[in-house]
Student: 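Below is one structure. I have some questions about it.
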Amino acid sequence: MQHSQSGESAATPETPRPSNPAAGRPGPTAPPDPAPAGAASGTGAAGRHPGTAAIPGYDGTTSPQPGLAEPERRVTRAGMIWVAVASALVVLVLLIIFILQNQELVQVKFFGLEGAVSLGMSLFIAAVGGGVLVAMAGAARIIQLRAAAHRRRVQAGRKR
């Protein structure tokens, strides 16, 4: 059991206190009692996080053996594409469920055009329209940044 120095009680000290008055002076001291078998010593990461002493390198005292280290995992384009496609499929399934659960017809008016569309489909169309607007703003910013980078390259070429 760990005690902080401010919360330590006199009845259960962590280290034994000698009874002689010369104990406060620097010099050799008696080592603290060893912890019972199976208990955390109260020092390092194992004391703060029980069960982590078995993880090599976690507490900083032992390091994993070089031959047994896990191989470095590289992120590949194919892996990134797979994650993107899987994520898009999950979103698509959720979107289909949303549209199917919102089949009530609503009256939609837009620039003099009017018609009846299901609620789910009208919200989907609105979301796609918002996405197109965001994509257009992003494309404009990318074009702006590329033009600025091109101007810097041209000016750097002239200075040579």
Side-chain angles (χ1 to χ4, degrees), residues 1-9 11-14 32 35-160:
M1 175 190 261
Q2 286 186 344
H3 295 284
S4 63
Q5 289 182 357
S6 61
E8 186 174 35
S9 68
T12 58
E14 280 196 34
S41 65
T43 60
R48 289 187 303 271
H49 306 287
T52 57
I55 302 172
Y58 186 82
D59 59 353
T61 57
T62 59
S63 60
Q65 296 175 357
L68 300 177
E70 283 190 30
E72 183 179 327
R73 296 179 190 219
R74 294 180 19 188
V75 177
T76 62
R77 287 184 187 164
M80 288 189 302
I81 290 171
W82 185 86
V83 169
V85 167
S87 301
L89 285 175
V90 169
V91 170
L92 185 63
V93 166
L94 293 174
L95 189 61
I96 290 171
I97 292 170
F98 175 78
I99 291 172
L100 289 176
Q101 288 181 344
N102 291 286
Q103 288 292 319
E104 301 87 29
L105 290 180
V106 292
Q107 193 69 24
V108 179
K109 298 177 183 176
F110 185 70
F111 289 126
L113 301 173
E114 74 179 74
V117 182
S118 70
L119 175 64
M121 189 55 71
S122 64
L123 290 173
F124 174 70
I125 292 169
V128 169
V132 168
L133 289 175
V134 168
M136 288 172 39
R141 180 65 179 148
I142 289 171
I143 291 169
Q144 200 177 37
L145 291 172
R146 285 185 178 180
H150 178 71
R151 281 193 298 270
R152 281 193 299 268
R153 281 194 303 270
V154 168
Q155 288 177 354
R158 289 181 185 170
K159 290 181 181 179
R160 291 183 188 180

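None of the values given here were measured: they were computed from a predicted structure.
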Student: Taking side-chain contact (heavy atoms from CB on, under 4.5 Å) as the definition, give me every residue that meets it alongside Q144, ordered by chain and number, with sequence neighbours left out.
Tutor: R141
Student: To the nearest 0.5 Å, how far apart are CG in L100 and CE in M121?
Tutor: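 These two atoms lie 9.0 Å from each other.
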Student: For residues 122-133, please give each side-chain donor-acceptor pair under 3.5 Å, one per line with the distance, not counting sequence neighbours.
Tutor:
residue : atom : partner : partner atom : Å
S122    : OG   : S118    : O            : 3.4
S122    : OG   : L119    : O            : 2.8

Student: Have a look at V93 and tell me which of L95, V91, I97 forms a side chain to side chain contact (heavy atoms under 4.5 Å, CB included) with it.
Tutor: I97
Student: Between E114 (side chain only) and F110 (backbone N and O only), is there a donor and an acceptor less than 3.5 Å apart?
Tutor: no
Student: In Å and rounded to the nearest 0.5 Å, what is the CZ to CZ distance from R158 to R153?
Tutor: 13.5 Å
Student: If you round to the nearest 0.5 Å, how far is CD1 of I99 from CG of L94?
Tutor: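 Answer rounded to 0.5 Å: 11.5 Å.
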Student: Which residues satisfy the side-chain contact (heavy atoms from CB on, under 4.5 Å) test with R151, sequence neighbours excluded?
Tutor: A147, A148
